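Data first, discussion second: the structure below is written as structure tokens.
What you see is a predicted model; the values in this text were computed from it and never measured.
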Amino acid sequence: MAYRNRCPRTGTLLNRNPNIFLNVEGALVPCDIHVAPLRTEDGHCLYGPCFGPGAEEIAVLERQGRHG
């Protein structure tokens, strides 16, 4: 599963700092603008202005063990 790196509410990048993306456990992607966490398992926004379905899913293909 993959999601577009965009805030569901404003369309800005979720991670303005390119070196920080997931929380320590790797279960949440915090939106840097709203401090709203999105679950990695389903893209659902847990609270904040984007509460609800959240992140836009994108298709991922795996070929010969490589993602693309």
Return the minimal non-hydrogen interatomic distance between Pro8 and Leu14, and the atom names on each side.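 Heavy atoms of Pro8 and Leu14 come nearest at CD-CD2, 4.5 Å.
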
Of all heavy-atom pairs between Gly43 and Leu38, which one has the smallest distance, and what is that distance?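 Looks like O-CD2, 3.5 Å.
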
Side chain to side chain donor-acceptor pair (under 3.5 Å) with Arg6: which residues, sequence neighbours excluded?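 Counting only residues at least two positions away or on another chain, Arg6 forms no side chain to side chain donor-acceptor pair (under 3.5 Å).
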
So, using side chain to side chain donor-acceptor pair (under 3.5 Å) as the criterion, who are the partners of Arg9 when residues are at least two apart?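 Per chain and number, Arg9 pairs via side chain to side chain donor-acceptor pair (under 3.5 Å) with no residue.
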
Listed pairs under 3.5 Å, donor-acceptor, residues 24-33 side chains, sequence neighbours left out:
residue, atom, partner, partner atom, Å
Glu25, OE1, Asn23, ND2, 2.9
Asp32, OD2, Arg16, N, 2.6

Hey, are the side chains of Leu22 and Thr40 touching, using non-hydrogen atoms and a 4.5 Å cut-off?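 In short, these two side chains touch, coming nearer than 4.5 Å.
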
Partners passing salt bridge (charged side-chain N to carboxylate O under 4.0 Å, His left out) against Glu57 (at least two apart in sequence or in another chain):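 Per chain and number, Glu57 pairs via salt bridge (charged side-chain N to carboxylate O under 4.0 Å, His left out) with no residue.
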
With rounding to the nearest 0.5 Å, note down the distance linking CG in Asn15 to SG in Cys7.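 The SG atom of Cys7 is 12.0 Å from CG of Asn15, to the nearest 0.5 Å.
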
Is there a donor-acceptor pair closer than 3.5 Å between any side-chain N or O of Tyr3 and the backbone N or O of Asp42?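 Yes; at least one donor-acceptor contact below 3.5 Å.
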
Sequence neighbours excluded - ring pair (Phe, Tyr, Trp, His ring centres under 6.0 Å) pairs with any residue from residues 34-53: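 Qualifying pairs, neighbours excluded: His44-Phe51.
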
